Amino acid sequence: MTDARPRAVLFDFGGTLYDYETLAPGDRESLATLAEMAGVQCGPEEVQRTYRTALRRVFRSYVSKNFYLHRDMFREATVEMLRELGFEADPLHLAQHRESQWRLHGRDFRLRDGVVDTLTELRARGLRLGVVSNIDEDQLAHLGELAGLKRYFDWLLSSEEAGSCKPDGAIFAEALRRAGCAPAEALFVGDSLAQDIAGANRAGLRSVLLWHRPDRELPEAGIRPKHVIHAIGDLLELVG
């Protein structure tokens with residue numbers, strides 16, 4: 001028995017429609033500038049290593065929550081980074097750091113190859129399209145404008161607006177309400193097994209994992225997606 005043709009395709013944003021590495025140069029640049037403003041004497045490589053360590057630790061303390069604000073998580077990681085380097089964060093410097101990050105996003109942001117053509121074709125086939133993102137409302141609006149998302153999607157849903165972060169079920173329930181369809185009538189496309197695929201599976205959606213790691217095999221054990229694709233354009237075969 002084959003699956004019915006879906007009525008809606010819902011997408012994660014970061015890591016799925018764009019590659020985080022696209023924004024990495026600007027993020028490193030703005031962190032180095034913040035460290036310099038704070039008086040840190042070490043090089044940008046050590047600053048970046050310290051930040052990554054702090055972010056992993058802070059992320060572990062947040063990810064088990066059903067809801068949190070990403071601005072709080074990233075700010076806490078930045079404060080911890082500076083503290084580990086021997087300096088206390090200045091609120092003015094933190095605000096300037098955020099402004100610098102967002103300015104550099106405008107310089108560096110780009111969607112993954114094939115995203116625009118695929119979204120255009122999905123709309124032409126009459127599917128409802130939505131974004132379901134674990135970022136705050138202001139950040140989704142900011143990056144969504146850079147990406148031109150509103151011309152392709154019927155709606156954009158942030159975790160802040162939903163009061164819920166994937167894999168919590170409430171954000172998927174709100175997404176389905178907006179899509180106007182039953183869970184089995186929707187595909188959910190994401191790149192994270194723990195957040196996108198696990199949450200979509202529990203909510204009853206047809207999960208689609210975008211696996212863009214040619215250097216690694218998909219884990220054989222644990223969370224399993226309904227479908228696996230290696231490029232966004234592969235979706236067109238799934239929707240029929």
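Quick caveat, the model's predicted, so the values are computed rather than measured.
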Practice task
Evaluate the side-chain proximity of H93 to L82: yes if any heavy-atom separation is below 4.5 Å, no if none is.
Solution key: no
Exercise for the section: Measure the NE2-OG1 distance between H97 and T78 for me, rounded to the nearest 0.5 Å. Expected result: 4.5 Å
Exercise for the section: Count the heavy atoms of every other residue, nucleotide or ligand shown that sit under 6.0 Å from CD of E145, and state whether that count exceeds 12. Expected result: no
Problem - Qualifying residues under side chain to side chain contact (heavy atoms under 4.5 Å, CB included), relative to Q195, sequence neighbours excluded - result: F59, V63, Y68, N134, K166, P167, S192
Fill in the blank from the handout: Taken in chain and number order and not counting sequence neighbours, the residues that satisfy side-chain hydrogen bond (donor to acceptor under 3.5 Å, both in side chains) with H212 are R112
Exercise for the section: Report whether M81 and Y20 are members of the same hydrophobic cluster (ILVMFWY, side-chain heavy atoms less than 4.5 Å apart, transitive linking). Expected result: no
Exercise for the section: Using the rule that two of Ile, Leu, Val, Met, Phe, Trp, Tyr join whenever any of their side-chain heavy atoms come within less than 4.5 Å, decide whether I135 and F74 are in one cluster. Expected result: no
Atom pairs and distances, donor-acceptor, side-chain atoms in residues 46-55, under 3.5 Å, two or more places apart:
residue: T50; atom: OG1; partner: E46; partner atom: O; Å: 2.8
residue: T53; atom: OG1; partner: R49; partner atom: O; Å: 3.1

Practice task
Check the pair D12, V132 against side chain to side chain contact (heavy atoms under 4.5 Å, CB included), reporting the backbone distance first and the verdict last.
Solution key: CA-CA 5 Å; D12 169 53; V132 185; over 6 Å; no
Practice task
For the residue pair E161 and E174, establish whether any side-chain heavy-atom pair is separated by less than 4.5 Å.
Solution key: no
Handout entry: Worked verdict on L209 versus L218 for side chain to side chain contact (heavy atoms under 4.5 Å, CB included)
Key = CA-CA 10 Å; L209 177 67; L218 180 66; 3.3 Å; yes
Problem - Flag if over 12 foreign heavy atoms under 6.0 Å of CG, D113 - result: no
Identify every side-chain donor-acceptor pair in residues 229-240 under 3.5 Å, counting partners at least two apart or on other chains, and give the distances.
residue: H230; atom: ND1; partner: W211; partner atom: O; Å: 3.2
residue: D234; atom: OD2; partner: H230; partner atom: N; Å: 3.1
residue: D234; atom: OD2; partner: A231; partner atom: N; Å: 3.2

Handout entry: Distance (rounded to the nearest 0.5 Å) between R213 CZ and D191 CG
Key = 11.0 Å
Handout entry: pair F11-L119: side-chain heavy atoms closer than 4.5 Å
Key = yes
Handout entry: Side-chain donor/acceptor of Q139 to backbone N/O of E137, under 3.5 Å
Key = no
Practice task
Can you tell me which residue pairs pass the ring-ring contact (aromatic ring centres under 6.0 Å, His included) test with a partner in residues 155-187, sequence neighbours excluded?
Solution key: F172-F188
Exercise for the section: Mind running salt bridge (charged side-chain N to carboxylate O under 4.0 Å, His left out) on R103 and E99 for me, showing each step along the way? Expected result: CA-CA 6 Å; R103 175 174 49 80; E99 291 174 6; over 6 Å; no
Completion exercise
Sorted by chain and number, sequence neighbours left out, ring pair (Phe, Tyr, Trp, His ring centres under 6.0 Å) with Y152 holds for none
Handout entry: Approximate separation, where rounding is to 0.5 Å, of D196 CG and I223 CD1
Key = 10.5 Å
Handout entry: Donor-acceptor contact below 3.5 Å, side chain R206 vs main chain P183
Key = no
Exercise for the section: Mind checking side-chain hydrogen bond (donor to acceptor under 3.5 Å, both in side chains) for D136 and listing every partner two or more places apart, or none if nothing turns up? Expected result: none
Handout entry: OG-CZ distance between S207 and R202, expressed to the nearest 0.5 angstrom
Key = 12.0 Å
Problem - Test item: L85 and C42 side chains (from C-beta on) under 4.5 Å apart, heavy atoms - result: yes
Practice task
I would like to know whether V131 and L17 meet side chain to side chain contact (heavy atoms under 4.5 Å, CB included); could you show each step before the answer?
Solution key: CA-CA 10 Å; V131 165; L17 298 180; 4.2 Å; yes
Practice task
Please determine if R83 and E80 form a salt bridge, counting it only when a charged side-chain N lies under 4.0 Å from a carboxylate O.
Solution key: no
Exercise for the section: Measure the spacing between OG of S133 and NE2 of H70 and express it to the nearest 0.5 Å. Expected result: 7.5 Å
Problem - Pairs meeting criterion side chain to side chain donor-acceptor pair (under 3.5 Å) with involvement of residues 29-40, two or more places apart - result: E29-R107
Problem - Qualifying residues under side chain to side chain contact (heavy atoms under 4.5 Å, CB included), relative to E185, sequence neighbours excluded - result: R7, C181, A182
Problem - Partner residues of D117 under the side chain to side chain contact (heavy atoms under 4.5 Å, CB included) criterion, sequence neighbours left out - result: none
Handout entry: Sidechain-backbone polar pair: D154 side chain, L129 backbone, donor-acceptor under 3.5 Å
Key = yes
Practice task
Kindly write out the residues that satisfy side-chain hydrogen bond (donor to acceptor under 3.5 Å, both in side chains) with H105, not counting sequence neighbours, or none if the list is empty.
Solution key: H142
Exercise for the section: Apply side chain to side chain contact (heavy atoms under 4.5 Å, CB included) to the pair R151 and T120, showing each step before the final yes or no. Expected result: CA-CA 9 Å; R151 78 188 69 169; T120 300; over 6 Å; no
Exercise for the section: Please examine the side chains of L210 and V228, heavy atoms only from C-beta on, and report whether any two atoms are closer than 4.5 Å. Expected result: no
Handout entry: In one Ile/Leu/Val/Met/Phe/Trp/Tyr side-chain cluster, 4.5 Å: V58, L34
Key = yes
Completion exercise
Heavy atoms of A89 and V79 approach each other most closely as CB-CG2, 3.9 Å
Handout entry: Charged N-O contact under 4.0 Å between R98 and D138
Key = yes
Practice task
Spell out, yes or no, whether L140 and L104 are grouped together once hydrophobic residues are joined by side-chain heavy atoms under 4.5 Å, including indirect joins.
Solution key: no
Problem - Smallest separation among heavy atoms of L92 and D90, with atom names - result: N-OD1, 2.7 Å
Exercise for the section: Look up atom CG in L122 and atom CZ in F153, then write down how far apart they are to the nearest 0.5 Å. Expected result: 8.5 Å
Problem - Check: Y18 and V115 side chains under 4.5 Å, non-hydrogen atoms - result: no
Problem - L176 reachable from V189 in the ILVMFWY side-chain graph, under 4.5 Å edges - result: no
Problem - Side-chain donor/acceptor of S164 to backbone N/O of I171, under 3.5 Å - result: yes
Practice task
State which residues pass side chain to side chain contact (heavy atoms under 4.5 Å, CB included) with A147; sequence neighbours excluded, sorted by chain then number.
Solution key: F13, F109, L111, L149
